[in-house]
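FYI, side chains are in, hydrogens and waters are out, and symmetry mates aren't considered; it's all heavy atoms of this structure.
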Amino acid sequence: MQKDQSPSLPSTPTARIRHRRRSYSHEVVPDVSKLNGSYLLVNDQTKYRSMRIRTYSSLWMLGSVILILYLGHLYICAMIVVIQIFMASELFHLLRRAHKDKRLPGFKFINWHFFFTAMLYVYGRILSQQLVNTVTSDKFFYKLVSGLIKYQMVICYFAYIAGMMWFILSLKKKMYKYQFGQYAWTHMILIVVFIQSSFTVANIFEGIFWFLLPASLIAVNDVAAYFCGFFFGRTPLIKLSPKKTREGFIGASFATIVSAFLLANILGRFQWLTCPRKDLSTGWLQCDPGPLFKPENCLPKWIPQWFPWKEISVLPVQWHAVCLGLFASIIAPFGGFFASGFKRAFKIKDFGDSIPGHGGFTDRMDCQMVMAIFAYIYHQSFIIPQTNSVEMILDQIVRNLSFEEQEVLYLKLSQIFQEQQFGNP
């Protein structure tokens, strides 16, 4: 008697592979082989509708960011944390398989355990000084926070070990490969995505200027590349992104470098943006602008008398901004190309659909992550003075010494001053 040939769930590895391939059939991915211009924006029949959607979403995001910038450093950090959570959610979801997760109840929470453990460690290291400065006036909270900061590494280490033990105890037969794949995928997200984007928070507390300028340059480069490719794009730039054109890349590079020089002059004149934040308060900031934000005449002394301008004021930080603009226009776009290749490998169009016309948060932050870590390294290497200043030493004293130890230090310094003043001439 012939057996029933009705369709059933895939049981063999080959059938499972076919089933997985069919699951991607609803996703539309441009064919790399069709790089003859058919996918360029100048030939896209729906480009004006797409442009309207992207414009509306961009204006909505711009208004939200301006409001958060006005509220201050702490709210900007909260925005970064929310974006990181959305990005992690999009990336965690990328490799999840619903039929396998049903056999592993609660397994997805292990991913979030590692995520928040990494958040506790990274932000604890970045914001420890600001946190101590916030509670300095209260002796109880000062001791509590100082103790937590002192043992923060131990706390995070054992939190990670607890997560690893949780993962090992959750292993199930015939699910090992999937579970270890999720474990490796989670760590890749933490290293490549979370840690890089966390440098943004470090930039914020050095002054909103060092967060806003790099982020703005990436936005300018993205917008300029879109419109230059929209109207003038004819030559494909890279196979990973069929809609990227050489005309868009070159036009965006020029626009980004010019914008960097001009934006630095505008943003550098607001103390709210240039003053570093030493604590976690939300009050208004006032400080003496450093030499980078004091106007200087850029015209040489040998300029002829007939020249119409005798003085052109430029902020020294504008020359540093040009370096940031060069990186944002030439190197940072490769973060987007990396993301494009990644999406092509997984046969998806976007990482998510949170932002109409743009995709998910990860689609918007691919270049921002590359730019954030460069801005931090550039600031630490070329902006912050390498010698130990009095302010830096005082910060170390407040951060590492208790009240009693600070009092002993004060008495010893007083003794040294008296010996120097009344001792040997």
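A distance of 6.0 Å or more separates the ring centres of His113 and Phe167. Checked against a 6.0 Å centroid threshold, the rings of Phe109 and Trp112 do not count as neighbours.
Residues Phe351 and Met87 have side chains not in contact (no heavy-atom distance under 4.5 Å, counting atoms from C-beta outward). Within the 4.5 Å cutoff, the side chain of Asp363 has heavy atoms near those of the Lys343 side chain. The closest side-chain heavy-atom distance from Gln182 to Arg96 is below 4.5 Å. Residues Phe194 and Ile189 form no side-chain contact, since every pair of their non-hydrogen atoms from C-beta on lies 4.5 Å or further apart. At least one side-chain heavy atom of Pro295 sits under 4.5 Å from a side-chain heavy atom of Arg269. You'll find the side chain of Leu71 stays beyond 4.5 Å of the side chain of Thr282, heavy atoms only. When side chains are defined from C-beta on, Leu217 does not count as touching Asn221, because their heavy atoms never get closer than 4.5 Å.
Without hydrogens or angle criteria, Gln271 side chain to Gln286 main chain gives no donor-acceptor distance under 3.5 Å. Of the possible polar contacts, one joining the Gln368 side chain to the Ala215 backbone as a donor-acceptor pair under 3.5 Å is found. For Asp350 (side chain) and Gly360 (main-chain N/O), no donor-acceptor pair under 3.5 Å exists by modelled atom type. Here the side chain of Thr245 pairs no donor or acceptor atom with the backbone of Gly229 at under 3.5 angstrom. For the pair Glu296 (side chain) and Val314 (backbone), a donor-acceptor distance under 3.5 Å is absent. Between the side chain of Ser57 and the backbone N or O of Pro356, at least one donor-acceptor pair lies under 3.5 Å. Panel note: side chain His187, backbone Tyr183; a donor-acceptor pair is recorded below 3.5 Å. Although no hydrogens or angles enter the test, the distance criterion places a donor-acceptor pair under 3.5 Å between the side chain of Gln179 and the main chain of Lys172.
Annotation for Arg54: atom CZ counts as buried by contact number, over 12 foreign heavy atoms lying within 6.0 Å. Under a cut-off of 6.0 angstrom, the local environment of CZ in Phe116 is crowded, with over 12 non-hydrogen atoms contributed by other residues, nucleotides or ligands. Heavy-atom neighbours of Phe86 CZ from other residues, nucleotides or ligands within 6.0 Å: at or below the threshold of 12. Enclosure of atom CD in Glu405 by more than 12 non-hydrogen atoms of other residues, nucleotides or ligands within 6.0 angstrom is indicated. Within a 6.0 Å radius of NZ in Lys294, other residues, nucleotides and ligands contribute more than 12 heavy atoms. Within a 6.0 Å sphere centred on CZ of Phe270, heavy atoms belonging to other residues, nucleotides or ligands number 12 at most.
Closest heavy-atom contact between Arg103 and His99: CG-O, 4.0 Å. Looking at every heavy atom in both residues, His73 comes nearest to Cys275 through NE2-O, 3.9 Å. Counting all heavy atoms, side chain and backbone alike, Val220 lies closest to Ser259 at CG1-OG, 3.6 Å. When all heavy atoms of Pro291 and Pro316 are compared, the pair lying nearest together is O-CG, 3.5 Å. Across every non-hydrogen atom of Gly72 and Trp272, the tightest pair is CA-CZ2, 3.2 Å. What you find for Val135 and Phe141 is that their closest heavy atoms are CG2-O, 3.9 Å.
Tyr178 pairs by the side-chain hydrogen bond (donor to acceptor under 3.5 Å, both in side chains) definition with Asp101, not counting sequence neighbours. Checked against side-chain hydrogen bond (donor to acceptor under 3.5 Å, both in side chains), Ser253 has no partners two or more places apart in sequence or in another chain. For Phe342, the ring pair (Phe, Tyr, Trp, His ring centres under 6.0 Å) test picks out Trp185, Phe346, with sequence neighbours left out.
Distance check: Ile85 CD1 to Ile83 CD1 gives 10.5 Å after rounding to the nearest 0.5 Å. Rounding to the nearest 0.5 angstrom, the gap separating the CG atom in Asn265 from the CG atom in Leu315 is 4.5 Å. Taken from CD1 in Ile110 to CZ in Phe114, the straight-line distance is 7.0 Å, to the nearest 0.5 Å. With rounding to the nearest 0.5 Å, the separation of NE2 in His379 from CD1 in Ile377 is 13.0 Å. Note that OG1 of Thr55 and CG of Leu62 are 12.0 Å apart. Values are rounded to the nearest 0.5 Å. Within the model, atoms OG1 of Thr235 and CD of Glu247 stand 4.0 Å from one another, a figure rounded to the nearest 0.5 Å.
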Per-pair distances, 0.1 Å, donor-acceptor, side chain in residues 148-156, under 3.5 Å, sequence neighbours excluded:
from: Gln152; atom 1: NE2; to: Leu120; atom 2: O; distance (Å): 3.0
from: Gln152; atom 1: NE2; to: Tyr121; atom 2: O; distance (Å): 2.9

Which pairs of donor and acceptor atoms, one on a side chain in residues 200-211, lie under 3.5 Å apart (sequence neighbours left out)?
from: Thr200; atom 1: OG1; to: Ser197; atom 2: O; distance (Å): 2.9
from: Asn203; atom 1: ND2; to: Phe199; atom 2: O; distance (Å): 3.4
from: Asn203; atom 1: ND2; to: Ala372; atom 2: O; distance (Å): 3.2

Quick one: side chains of residues 327-334, donor-acceptor pairs under 3.5 Å with protein atoms, not counting sequence neighbours, listed by atom name and distance.
from: Ser329; atom 1: OG; to: Gly325; atom 2: O; distance (Å): 2.9
from: Ser329; atom 1: OG; to: Leu326; atom 2: O; distance (Å): 3.1

- What do the steps show when you test Phe115 against Thr186 for side chain to side chain contact (heavy atoms under 4.5 Å, CB included), and what is the final call? CA-CA 8 Å; Phe115 176 83; Thr186 299; over 6 Å; no
- Message: Test side chain to side chain contact (heavy atoms under 4.5 Å, CB included) on Phe338 and Asp366; report intermediate values, then the result.
- Response: CA-CA 8 Å; Phe338 178 88; Asp366 45 15; over 6 Å; no
- Task: I would like to know whether Phe107 and Met175 meet side chain to side chain contact (heavy atoms under 4.5 Å, CB included); could you show each step before the answer?
- Result: CA-CA 11 Å; Phe107 182 74; Met175 301 293 290; over 6 Å; no
- Would Glu90 and Leu94 count as a side chain to side chain contact (heavy atoms under 4.5 Å, CB included) if you check the C-alpha gap in whole Å, the side-chain angles of each, and the deciding distance to 0.1 Å? CA-CA 6 Å; Glu90 292 171 356; Leu94 195 59; over 6 Å; no
